[in-house]
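Atoms considered below: every heavy atom in the structure, side chains included; atoms not considered: hydrogens, waters and symmetry mates. First the proteins, then the strands, lettered A, B, ... as listed; each starts at 1.
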Amino acid sequence: MDVSHLIDRLNPPQREAVSAPLQSRLVLAGAGSGKTRVLVHRIAWLIQVEQISPYAIMAVTFTNKAAKEMRSRIEALLGLTPRGMWVGTFHGLAHRLLRAHHREANLPENFQILDSDDQLRLVKRICRELNLDEKRWDPKELTWFINAQKDEGLRPQHLDSYGDSSWQTRIDVYKAYEEACQRGGMVDFGELLLRSHELWLNQPVLLRHYQQRFQALLVDEFQDTNKIQYAWLRMLAGERMPVMAVGDDDQSIYGWRGARIENIQNFTSDFPGTEIIRLEQNYRSTDTILQAANALIANNQGRMGKQLWTDSGEGEKIAVYSAFNEQEEARFIVEQAEKWADQGGMRQEVAILYRSNAQSRVLEEALVRAGVPYRIYGGQRFYDRLEIRNALAYLRLMQNRHDDAAMERVINVPTRGIGSKTLETVRDYARQQQVSLWQASVEAIERRLLSGRAAGALLPFIELINQLQRDSESLAMADTIALMLQHSGLVEHHEKDKDKGEARAENLQELVNAARQFEQSWSPDEEDEQAGLTDVLAAFIDQAALDAGDAQAAEFSDCVQLMTLHSAKGLEFPLVFMAGLEESLFPHSMSMEDPQGLEEERRLCYVGITRARQKLFMTWAESRRFYGQEERRTHSRFLREIPEQLLEEVRLGASIRRPLSFQRPTSPSFAEAEVPATEFYLGQRVIHGTFGEGILTNFEGQGPKARVEVNFDDVGSKWLILSMAKLQAL
DNA sequence: TTTTAGACCATTTTT
DNA sequence: TGGTCTAAAA
């Protein structure tokens, strides 16, 4: 078989990675160096050259998006769907293992996945049960604590308070939480990994089975693995399985949620015989952009070492813009973005990146004002919406009566007269008898522990769920869901929502559509069948928990893209704006104190810079409103870490006055600072006959129609026609 | 049960 | 400043 197409158009290190012998390899893949391409070609190589069955290949990613992309690119390259291959996220694959071996993992067959919202609710409930003061014991913090322990592979019994009572309380909550999960057959995200790791640990036969089955293991975004994920991989790999770990230590930006950059640094010693392959040729950005990125990241210690290069040419300089304030920064960005569009560029080629979500508001306002369509990434995802979560809770309850999280969520949604008092009685009973809320409800009614009214409200709910489940046996899943939505009153309930009612009803309809689609495309493979995975509804619920879907329905219009630097990882855009390059915003004040945190911020900056293909703007504001407080700002140290000759300042700080008659830049050059100054400039203090003193914060138009916005000390912000207002400079 | 007023507080986010 | 959450009032 001719396999030259697998390596033909690759550069030497890419080729080396793709055609490496069956041994472990660490591929240090710089930004834009063709990482996914290498992974996909490697898999094809394993199948076509090494004659490894797809059944013996496992490829692990972090996000569903990455897993889907890998799958479709493999299919495109091979021209067929490789059956039996395990491609998925860590969580997805761990989940698959637990489903297949639920008995050995000590889980009920219908165990359910607890997402972060359910988890928080459950922790809150446990805090109440343990009589903890929510002021002192923030459930969010406790949840974070539990997850952090699981990410480290630690169970409550592995933890020792060493007499520290507050530490002991945390451990107690963790323990109670774990018991509640076990009782209800619920598994959170961290548990998926921890439990499947323990499954292998406790069942050597099973482990050996998988070790023999898989002959090659590939891991994407290796720098993002946490301790348990790494342990999971090592255990599966054993002594012999060749692992190809692909990652970039310079793009490790998730340390704060447990990712361990050491994993990539220790890989070669933990997997003996591993060679390192560096992919340093970049196919994305101009040389200027890469030089800036290289120079910046060189300030970090203990790197694996990598220098990105390109033969694509020097390109334009990086434009640095010092805005007067955040409003003006936003306006500048919008203006430049529109210029791109005016010159024939697509809006979707433009990305505005920022460090924190709070920055998006001002940017949005500026975009709206200018009538520029935009799209924000990272909003609420489909399966995270209130109405969808409620609907799923009903489905989960139909599937598993002991799912307390689901029960708590919808027992009184829509309101059916089950108040807090009834619920408290049921909760108390459940706690005493160590049973689920469902069972407690049933027994409480039977034993007449509830008032007639309470029982009269609770019983119909129980019957509703029972009835729905009976009906579901003869109906297609989508029809079951539609029926549930009607009979439960959820549609009616959510329709009533004041401003979001319409959208909510639509989303519920969309859920039915999604279910129908899922149903049509879903077919368990032989392996799933053997594992008893034959229930569509269960599979649908699982996938909703593991993949929250997109934030917005597919957007066809040509939009400017707004997102945080974190969510920009893995993406690329011809034109990129990085906004808010100010000390204590970026690097963020929460991270700049300790050296580790600062280095991660720097990597985040590196990620941002390397998103840009052609042109990069870095902007900051000399003054920014923070929690209502106007603050003076200084530009980010990261700007200083980029060699000056790569930068081009559009305006130099406050020292250059920006006259009101300033002609907005229209020529291709962005350096247009030398315009004769007139009387007024942004940030100037002025005095008005009626309103008194204030600061000039904004302007629009020119000549006789020019208007200015002045923030007056006494009467606040006002727009004034410059030619009428008789302003005086102070 | 729903609405409203004050308190509180404030990176980054996927599974 | 504004969004979220809890507690009090309609």
Side-chain angles (χ1 to χ4, degrees), chain A residues 60-67 88-96 113-120 124 134-135 138-140 144 147 150-151 187-194 196 220-221 224-226 228-229 252-259 326-327 353-362 365 377-381 383-384 412-421 493 496-498 542-551 563-570 580 584-593 597 600-601 603-605 607-608 624-631 716-717:
Chain A
V60 196
T61 63
F62 273 84
T63 63
N64 290 293
K65 199 174 147 205
T89 62
F90 275 102
H91 297 269
L93 298 176
H95 171 247
R96 192 172 180 171
I113 302 168
L114 211 58
D115 63 34
S116 15
D117 189 70
D118 296 324
Q119 192 186 23
L120 183 62
K124 275 186 184 158
E134 285 206 15
K135 290 271 167 347
D138 177 15
K140 273 208 189 78
W144 196 85
N147 291 336
K150 291 194 177 189
D151 284 348
V187 172
D188 63 37
F189 291 127
E191 186 75 22
L192 287 169
L193 290 162
L194 186 49
S196 58
D220 191 16
E221 302 280 15
D224 290 336
T225 49
N226 62 30
I228 187 70
Q229 286 161 339
S252 163
I253 55 175
Y254 287 110
W256 51 275
R257 65 178 198 213
E326 78 278 12
Q327 311 264 343
L353 312 181
Y354 36 83
R355 175 67 241 263
S356 71
N357 288 117
Q359 286 170 260
S360 74
R361 220 192 70 245
V362 181
E365 284 166 3
Y377 272 68
Q380 217 188 19
R381 320 263 292 275
Y383 289 102
D384 281 338
N412 199 32
V413 176
T415 44
R416 46 173 73 83
I418 303 172
S420 51
K421 212 166 145 275
H493 172 73
K496 280 194 299 209
D497 193 303
K498 270 201 286 295
D542 283 344
Q543 92 110 33
L546 286 170
D547 183 357
D550 286 330
M563 68 193 82
T564 62
L565 286 153
H566 280 91
S567 35
K569 198 175 96 173
S584 87
L585 180 57
F586 192 27
H588 199 278
S589 52
M590 305 282 281
S591 308
M592 56 197 253
E593 308 301 333
E600 186 155 308
E601 294 284 309
R603 290 193 291 268
L604 189 56
C605 188
V607 166
R624 185 181 293 271
R625 257 194 136 82
F626 255 93
Y627 313 139
Q629 216 74 329
E630 198 83 26
E631 257 181 50
S717 205

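Taking atom CG of Asp115(A) as the reference point, atom C1' of dT14(B) lies 12 Å away to the nearest angstrom. Between Lys421(A) atom NZ and dT1(B) atom P the separation is 13 Å, expressed in whole Å. Taking atom CD of Glu326(A) as the reference point, atom C1' of dG2(C) lies 14 Å away to the nearest angstrom. Here dT13(B) presents its P atom at 12 Å from NE2 of His588(A), a figure rounded to the nearest Å. In this structure, CG of Asp547(A) is placed 14 Å from C1' of dT13(B), rounded to the nearest angstrom.
Salt bridge status for Glu191(A) with Lys150(A): present, with a side-chain N to carboxylate O gap under 4.0 Å. Using a cut-off of 4.0 Å between Lys/Arg side-chain N and Asp/Glu carboxylate O, Lys65(A) and Asp547(A) are scored as not salt-bridged. Salt-bridge formation is not detected for the pair Arg257(A)/Asp224(A): no Lys NZ or Arg NE/NH1/NH2 atom is positioned less than 4.0 Å from an Asp or Glu carboxylate oxygen.
Ranked by how close their nearest DNA chain B nucleotide is to the 5' end, Gly92(A) and Met590(A) are led by Met590(A). Take the nearest nucleotide of DNA chain B for Asn412(A) and for Leu604(A): the residue whose nucleotide is more 5' is Asn412(A).
Spacing of C1' atoms, dT12(B) relative to dC5(C), comes out at 23 Å, to the nearest Å.
Closest approach to the Ser356(A) side chain among dT12(B), dT13(B), dT1(B) is made by dT12(B) (side chain taken as heavy atoms from C-beta onward). Counting only heavy atoms from C-beta on, His91(A) has its side chain closest to dT15(B) among dT11(B), dT15(B), dT13(B). Distance from the side chain of Ser591(A) is smallest to dT11(B) among dT11(B), dT1(B), dT15(B). The side chain of Arg361(A) lies closest to dG3(C) when the candidates are dG3(C), dT2(B), dT12(B).
Judged by distance alone with a 3.5 Å cut-off, no donor-acceptor contact links the side chain of Ser116(A) to the base of dT14(B). With hydrogens and angles left out, the side chain of Arg355(A) and the base of dT12(B) share a donor-acceptor pair within 3.5 Å.
Residue contacts for Glu601(A): at a heavy-atom cut-off of 4.0 Å it reaches a base atom on one of the strands shown. Across all strands, Asn64(A) comes closer than 4.0 Å only to sugar-phosphate atoms, never to a base (heavy-atom distances). Tyr627(A) comes within contact range of at least one nucleobase, with a heavy-atom separation under 4.0 Å.
Contact check, Arg257(A) against dT11(B): no side-chain N or O comes under 4.0 Å of OP1 or OP2. Here Asn357(A) does not reach the OP1 or OP2 of dT11(B): none of its side-chain N or O atoms lies under 4.0 Å away. Contact between the side-chain N/O atoms of Thr89(A) and the OP1/OP2 oxygens of dT14(B) is not found at any separation under 4.0 Å. Considering only side-chain N and O atoms, Arg381(A) lies under 4.0 angstrom from the phosphate OP1 or OP2 of dT14(B).
Annotated as anti: dT6(C), whose O4'-C1'-N torsion sits more than 90° from 0.
Taking Arg624(A) as the reference, Glu329(A), Glu582(A) meet the side chain to side chain donor-acceptor pair (under 3.5 Å) condition, with sequence neighbours excluded.
Classification of the Phe189(A)-His91(A) ring pair by plane angle, with boundaries at 30° and 60°, yields perpendicular.
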